[in-house]
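Read the structure below first, then the notes.
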Amino acid sequence: MTNTGRMAGDCSLTSFESETSFKRSLDGMQSCEVSSDSTDDPLSSGLRTHRQPRIVVIGAGLAGLSATKVLLENGFTDVIVLEASDHIGGRVQSIRHGDTTLELGATWIHGANGNPVYHLAEDNGLLEHTTDGEKNVERISLYTTCGIAHYQTNVGRRIPKDLVEEFGDLYNEVYELTQEFFQNGKPVCAESQNSVGVFTRDLVRKKIMFDRDDQESTKKLKLSLLQQYLKVESCESSSPSMDEVSLSEFGEWTEIPGAHYIIPEGFMKIVELLAQDIPSPTICLSKPVRRIHWNYSKSRNTCQENNHNDYHHSCQRNHEPLKRGHPICVECEDEEWITADHVIVTTSLGVLKQNHRDMFFPSLPMEKVLAIEKLGISTTDKIFLEFEEPFWSPECNSIHFVWEDEAQLEQVSYPEELWHKKICSFDVLYPPERYGHMLSGWICGQEALFMEGCDDETVAETCTELLRRFTGNPDIPKPRRIVRSSWGSNPYIRGSYSFTRVGSSGADCEKLAMPLPYANSTKAPPLQVLFAGEATHRKYYSTAHGALLSGQREATRLIEMYHDLHRAQTTKPNI
């Protein structure tokens with residue numbers, strides 16, 4: 001994940017009287033009695049609290065683990081985590097490579113000031129060996145601020161550094177303008193099609209063409225650089241193209257102040273810190289969920305009336321949940337059924353897009369379905385190439401591919417056989433004492449999925465040919481090892497992270513996060529299905545800290561509800 005955002009102020013647990021008193025309150029609910037004459041009250045009708053509430057968390061990524069951790073710390077004991085894959089971490093995937101760690105997923109801690117991921121890392125000594133070169137204050141993240149980026153064209157020549165810097169200043173000037181539409185309420189003109197890509201490309205092109213000091217050859221190079229910058233920006237946003245990213249909403253995503261940090265021992269250490277106090281039996285691996293049956297008693301009546309065969313089978317098998325008052329039944333792929341009072345769904349937006357119709361019964365409300373459909377998610381993949389010796393010069397920190405023949409193209413997309421043209425750059429991993437001689441390439445969109453469908457040998461050969469062509473060095477050897485991510489084709493992920501697509505807004509993130517049933521469903525047990533994950537955080541979508549905070553947010557909803565319920569029960573007058 002590469003985006004950043006402001007710290008949320010609504011995730012603090014300090015509003016409770018104290019952690020100890022709340023734990024006593026929750027334990028005391030074992031013997032609470034609720035009058036049967038209050039059937040219209042969702043708290044009393046759905047949660048006759050002779051027992052601990054059972055909470056199922058779907059997904060053991062940052063959102064699911066942070067939610068579970070907060071629940072356990074606040075006295076909830078009947079919590080279970082169902083993880084579809086055979087490991088925890090979700091879109092965090094650190095792999096050992098010799099004496100070092102490579103990140104296939106989340107890589108950077110974006111911003112330090114108030115970032116909960118930063119504080120976890122700092123408090124536990126994970127940043128002690130982070131070098132100054134691995135602390136990055138730039139907007140577009142590289143592995144190091146040391147050295148110089150090399151912009152190479154497809155005819156094997158390097159674009160002069162001063163020309164790149166001149167263009168970079170122009171591009172960043174226009175980038176700042178893209179922030180103003182949301183931040184300052186600036187109206188979006190029809191010509192921009194409410195697209196970051198269309199707006200940026202049109203305005204940068206005009207500024208280039210109107211510059212009387214540049215020769216035509218220089219203008220062509222700058223126009224080619226523009227296409228390359230937009231490819232990098234697409235990888236940053238995890239969008240197929242910046243033409244799909246909403247201009248009116250782009251400025252809502254906000255950066256946490258401070259440098260970006262790499263964790264030398266691996267981002268997985270953050271996952272392990274979240275999981276260390278969660279009892280191992282709580283987390284069930286290789287446990288994919290087929291369907292969530294919520295509003296269970298109501299759904300059961302509906303299915304009997306409609307004689308829905310698949311759901312009728314579930315009704316016949318599961319009378320016991322109704323007797324015990326559980327409003328939810330989680331149906332797993334292995335045919336196990338798990339009853340619950342609450343489910344926190346942390347599956348990715350990509351999985352929701354593909355599976356929501358089959359995953360929820362009853363179906364999700366149309367407002368939530370539209371939010372899922374309107375928000376965007378795409379694939380950003382990394383390609384690590386390890387070489388015996390470096391073929392790049394010592395001062396080079398990255399190699400960027402600039403196609404001179406793409407200067408006048410509009411939206412750039414490629415057929416499957418030309419997927420490699422979407423690779424925007426290779427970063428040099430620094431320091432070499434840690435990583436050896438390693439490059440990390442970036443590719444996004446449908447072309448990333450095409451890459452995922454190729455074998456390692458094909459990808460290694462293709463990348464080697466690209467490097468030879470753009471550097472003008474035909475003697476570059478094939479890498480001795482290749483490692484790459486495959487987030488798009490992973491059936492339990494289906495994409496890297498979310499973005500606000502044209503036609504969507506931050507309000508859709510909030511609609512996605514809204515628990516079910518909605519509050520106006522007065523007779524239904526409340527907070528049956530809760531939603532977390534980076535795509536549900538309006539300010540911090542696409543980030544690790546957004547995922548973590550969203551899990552805390554949903555756990556807090558439940559903590560506050562049971563705290564209020566206990567308080568209402570213990571203060572209820574005798575009649």
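Remember, predicted model here, so these are calculated numbers, not experimental data.
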At their closest point, which heavy atom of [X] faces which heavy atom of [Y], and how far apart are they?
| X | Y | answer |
| --- | --- | --- |
| L527 | P515 | CD2-CB, 3.6 Å |
| L364 | V369 | O-CG2, 3.7 Å |
| I263 | A121 | CD1-CB, 4.3 Å |
| C463 | I423 | SG-CD1, 4.0 Å |
| S239 | V245 | OG-CG2, 3.5 Å |
| V289 | I292 | CG1-CG1, 4.2 Å |

Validate the cation-pi geometry between K135 and Y261: distance from NZ or CZ to the six-membered ring centre under 6.0 Å, angle to the ring axis within 45°. no
Taking the inter-plane angle between the rings of W403 and H420 on a 0 to 90° scale, is it parallel (under 30°), tilted (30 to 60°) or perpendicular (over 60°)? tilted
Between Y175 and Y171, how do the two ring planes meet: parallel, tilted or perpendicular, split at 30° and 60°?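 Parallel, since the angle between the ring planes stays under 30°.
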Check: [Y] and [X] side chains under 4.5 Å, non-hydrogen atoms:
| X | Y | answer |
| --- | --- | --- |
| L247 | S195 | no |
| L273 | K269 | no |
| K353 | I377 | yes |
| D381 | R484 | no |
| V188 | F199 | no |
| S237 | M242 | yes |
| H110 | H260 | yes |
| V164 | H400 | no |

Go through the steps for N172 and E176 under the test side chain to side chain contact (heavy atoms under 4.5 Å, CB included), then give the verdict. CA-CA 6 Å; N172 288 330; E176 292 301 319; 5.6 Å; no
Report the C-alpha distance between R91 and S496 in whole Å, list the side-chain angles of each, state the deciding distance to 0.1 Å, and finish with yes or no for side chain to side chain contact (heavy atoms under 4.5 Å, CB included). CA-CA 7 Å; R91 283 168 274 179; S496 298; 5.8 Å; no
Can you tell me if NZ on K206 sees more than 12 non-hydrogen neighbours from other groups inside 6.0 Å? no
With a sphere of 6.0 Å drawn around CD of Q215, does it hold more than 12 non-hydrogen atoms of other residues, nucleotides or ligands? no
NZ/NE/NH1/NH2 to OD/OE distance under 4.0 Å, E447 and K421: no
So if I apply the salt bridge (charged side-chain N to carboxylate O under 4.0 Å, His left out) rule between D214 and each of K219, K220, K222, which one comes out positive?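 The salt bridge (charged side-chain N to carboxylate O under 4.0 Å, His left out) with D214 is passed solely by K222 among K219, K220, K222.
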If we ignore hydrogens and angles and just use 3.5 Å, is the side chain of [X] paired with the main-chain N or O of [Y] as donor and acceptor?
| X | Y | result |
| --- | --- | --- |
| N154 | E404 | yes |
| K382 | S485 | no |
| E554 | I344 | no |
| Q228 | V402 | no |
| D508 | S505 | yes |
| N184 | K186 | no |
| E534 | A547 | no |
| S440 | D427 | no |
| E265 | L126 | no |
| R205 | L223 | no |

Nearest 0.5 Å, what's the [atom1]-[atom2] distance between [X] and [Y]?
| X | Y | atom1 | atom2 | value |
| --- | --- | --- | --- | --- |
| S66 | I270 | OG | CD1 | 12.0 Å |
| E373 | L352 | CD | CG | 11.5 Å |
| E249 | R538 | CD | CZ | 7.0 Å |
| S550 | H537 | OG | NE2 | 7.0 Å |
| L385 | M438 | CG | CE | 8.5 Å |
| F531 | L512 | CZ | CG | 7.0 Å |

Would you check if there is a donor-acceptor pair between the side chains of S85 and E83 at a distance under 3.5 Å? yes
Identified side chain to side chain contact (heavy atoms under 4.5 Å, CB included) counterpart of V343 within the set V57, L82, I58: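 Running side chain to side chain contact (heavy atoms under 4.5 Å, CB included) over V57, L82, I58 with V343 returns exactly one hit, I58.
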Test side chain to side chain contact (heavy atoms under 4.5 Å, CB included), reference L429, set L102, L439, N397, T100, output is L102
Are F181 and N194 close enough, and set up right, to give a side chain to side chain contact (heavy atoms under 4.5 Å, CB included), and what steps lead you there? CA-CA 10 Å; F181 292 95; N194 195 25; over 6 Å; no
CA sep, side-chain torsions, deciding dist, call: C424, C235, side chain to side chain contact (heavy atoms under 4.5 Å, CB included): CA-CA 8 Å; C424 59; C235 287; 3.9 Å; yes
Testing F426, Y151, F401 for ring-ring contact (aromatic ring centres under 6.0 Å, His included) with F470, which one passes? F401
Mind running ring pair (Phe, Tyr, Trp, His ring centres under 6.0 Å) on F450 and Y414 for me, showing each step along the way? CA-CA 10 Å; F450 294 151; Y414 304 101; over 10 Å; no
